[in-house]
Amino acid sequence: MIRFDHISKAYPGGTRAVEDFSLTVERGSTTVFLGTSGCGKTTLMRMVNAMVTPTSGTVFVRGADVAHEDPVRLRRSIGYVLQEGGLFPHRTIADNVATVPRLEGATKQASRERALELLDLVGLDREMADRYPAQLSGGQRQRVGVARALANRADILLMDEPFGALDPIVRAELQRELKEIQRVLGTTILFVTHDVDEAFTLGDQVAVLSTGGRIEQVGTPTELLSSPASPFVAEFVGASRAARP
């Protein structure tokens with residue numbers, strides 16, 4: 001579904017954000033990029049929807065080279081959820097969710113019905129459809145962000161630390177709901193986090209990254225815990241887990 005083939009990214013001045021990165025994200029799975037700030041996680045994710053262009057290498061989405069795709073069409077076909085939701089503050093919840101369907105030519109009535117269906121899916125009452133983002137809690141806004149990302153029936157969902165600003169209880173609830181949405185829809189999810197527990201809760205495949213987008217290890221949560229490939233992985237995973245209350 002998504003394939004990174006020997007990807008590198010260098011910025012003016014010589015800073016190398018990513019160095020020779022290769023990885024495959026299988027259709028219908030959840031892959032998590034796990035690492036500290038500045039290790040290239042978000043840079044790699046933003047290459048999938050052509051928001052960042054690699055210096056070398058190729059990113060394939062649905063078998064096609066991203067570099068040869070129309071970027072607007074590509075982005076509309078891929079859901080993208082940010083940490084703060086990225087909602088339009090002066091649009092109602094229903095209008096926020098219906099953004100891409102309306103851009104794609106759907107009628108106002110059809111777009112609203114789709115928005116209401118998605119509010120059901122993400123666990124929000126339909127009466128919230130005519131409220132505005134400021135009238136919702138942080139967790140509710142993130143649910144709206146997920147609904148909007150799925151509004152055009154996207155088969156790929158990119159999630160950049162979407163639950164990082166939420167309290168632990170809401171965060172755990174949204175993680176459970178995301179797993180259920182993925183199970184129901186079969187969506188391919190690429191998820192970025194620095195939180196080991198979150199990565200292990202959500203990921204079918206977890207890629208532990210170090211500086212420069214270097215893959216220290218890729219595997220299931222069980223594999224990473226039981227057979228860390230390097231002292232870096234053992235320390236990163238072990239230290240984070242030991243810090244849990």
Side-chain angles (χ1 to χ4, degrees), residues 1-4 7 17-18 21-49 51-52 59 61-62 66 75 77-86 121-123 138-139 141-150 154-166 168 170-210 213 215-225 233 236-237 240-241:
M1 178 59 85
I2 303 169
R3 181 161 63 89
F4 299 87
I7 292 295
V18 177
F21 179 93
S22 295
L23 185 74
T24 297
V25 178
E26 299 293 345
R27 183 183 301 274
S29 69
T30 298
T31 289
V32 179
F33 288 165
L34 172 64
T36 57
S37 297
C39 72
K41 305 185 302 294
T42 296
T43 297
L44 285 161
M45 171 176 281
R46 288 163 63 89
M47 290 179 185
V48 174
N49 60 359
M51 295 181 74
V52 171
V59 180
V61 173
R62 308 182 188 101
V66 166
R75 288 167 197 158
S77 76
I78 296 173
Y80 189 29
V81 185
L82 305 172
Q83 184 172 112
E84 297 298 328
L121 181 68
V122 300
R141 286 194 295 271
Q142 284 306 98
R143 287 181 171 88
V144 175
V146 173
R148 185 175 67 176
L150 296 170
D155 57 347
I156 296 174
L157 189 58
L158 307 180
M159 308 190 77
D160 192 358
E161 305 220 33
F163 309 143
L166 304 176
V170 174
R171 187 171 185 166
E173 184 177 329
L174 286 175
Q175 289 166 0
R176 288 193 298 271
E177 291 183 1
L178 179 62
K179 290 183 71 174
E180 178 62 15
I181 289 169
Q182 198 276 338
R183 187 190 67 80
V184 171
L185 299 181
T187 311
T188 303
I189 299 175
L190 182 56
F191 195 102
V192 161
T193 186
H194 63 273
D195 184 274
V196 174
D197 283 344
E198 183 164 72
F200 285 5
T201 296
L202 296 174
D204 300 306
Q205 171 178 251
V206 178
V208 180
L209 307 183
S210 58
I215 297 178
E216 294 289 339
Q217 187 172 356
V218 178
T220 66
T222 299
E223 289 168 345
L224 295 175
L225 279 174
V233 175
F236 188 82
V237 174
S240 298
R241 296 182 74 81

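The first residue in the sequence is number 1, and the count goes up from there.
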- Message: Using side-chain heavy atoms (C-beta onward) and a distance below 4.5 Å, is F191 in contact with E198?
- Response: yes
- Item | Minimum side-chain heavy-atom gap T30-L178 below 4.5 Å | no
- Task: May I ask you to test the M47-I2 pair for a side-chain heavy-atom distance under 4.5 Å?
- Result: no
- Query: Any side-chain heavy-atom pair from D155 and R62 closer than 4.5 angstrom?
  - Reply: yes
- Query: F200 pairs by side chain to side chain contact (heavy atoms under 4.5 Å, CB included) with which of T222, T220, L225?
  - Reply: L225
- Query: For the atom pair CG (L209) and CD1 (I215), what is the distance rounded to the nearest 0.5 Å?
  - Reply: 6.5 Å
- Message: Could you walk me through whether R171 and D195 satisfy the side chain to side chain contact (heavy atoms under 4.5 Å, CB included) test, starting with their C-alpha distance in whole Å, then the side-chain angles of each, then the deciding distance to 0.1 Å, before giving a yes or no?
- Response: CA-CA 12 Å; R171 187 171 185 166; D195 184 274; 3.6 Å; yes
- Item | Short side-chain to backbone donor-acceptor contact, Q182 and T187, under 3.5 Å | yes
- So do V144 and V122 actually touch side chain to side chain, heavy atoms under 4.5 Å? no
- Taking all heavy atoms of M1 and all of I156, pick out the closest pair and write down the distance. SD-CD1, 3.6 Å
- Query: When rounded to the nearest 0.5 angstrom, what distance separates OG1 in T188 from CG in L158?
  - Reply: 10.5 Å
- Beyond-backbone contact of V146 with E177, side-chain heavy atoms, under 4.5 angstrom: no
- Reported OG1-to-CZ distance for the pair T193 and F163, which is rounded to 0.5 angstrom: 10.0 Å
- Task: Kindly assign one of parallel, tilted or perpendicular to the pair F21 and F33, based on the angle between their ring planes and the thresholds 30° and 60°.
- Result: perpendicular
- Note on the structure: The reported gap from CZ in R176 to CG in L202 (rounded to nearest 0.5 angstrom) is 11.5 Å
- Task: Apply side chain to side chain contact (heavy atoms under 4.5 Å, CB included) to I181 and L150, showing your working.
- Result: CA-CA 10 Å; I181 289 169; L150 296 170; 3.8 Å; yes
- With side chains defined as the heavy atoms from C-beta onward, is the minimum distance between T24 and R3 less than 4.5 Å? yes
- Task: State whether the side chain of Q175 and the backbone N or O of V170 hold a donor-acceptor pair below 3.5 Å, judged by distance alone.
- Result: no
- Nearest-0.5 Å distance, CG of residue L121 to CD of residue E180: 9.0 Å
- Message: For a quick test of reading the model, state the closest non-hydrogen atom pair linking V192 to K41 and the distance between them.
- Response: CG1-CE, 3.5 Å
- Residues T201 and K179: closest non-hydrogen pair is O-NZ, 3.2 Å
- Partner of Y80 under side chain to side chain contact (heavy atoms under 4.5 Å, CB included), chosen from M159, M51, R75: M51
- Query: With side chains defined as the heavy atoms from C-beta onward, is the minimum distance between E173 and R143 less than 4.5 Å?
  - Reply: yes
- Give the minimum heavy-atom separation between L174 and G139, together with the two atoms involved. CD1-O, 4.1 Å
- Message: Please give me the minimum heavy-atom distance between V48 and V66, naming the atom from each residue.
- Response: O-CG2, 3.8 Å
- Any idea which heavy atoms bring P162 and V81 closest together, and the distance? CB-CG1, 3.9 Å
- Task: State the CE-OG1 distance between M45 and T31, to the nearest 0.5 angstrom.
- Result: 10.0 Å
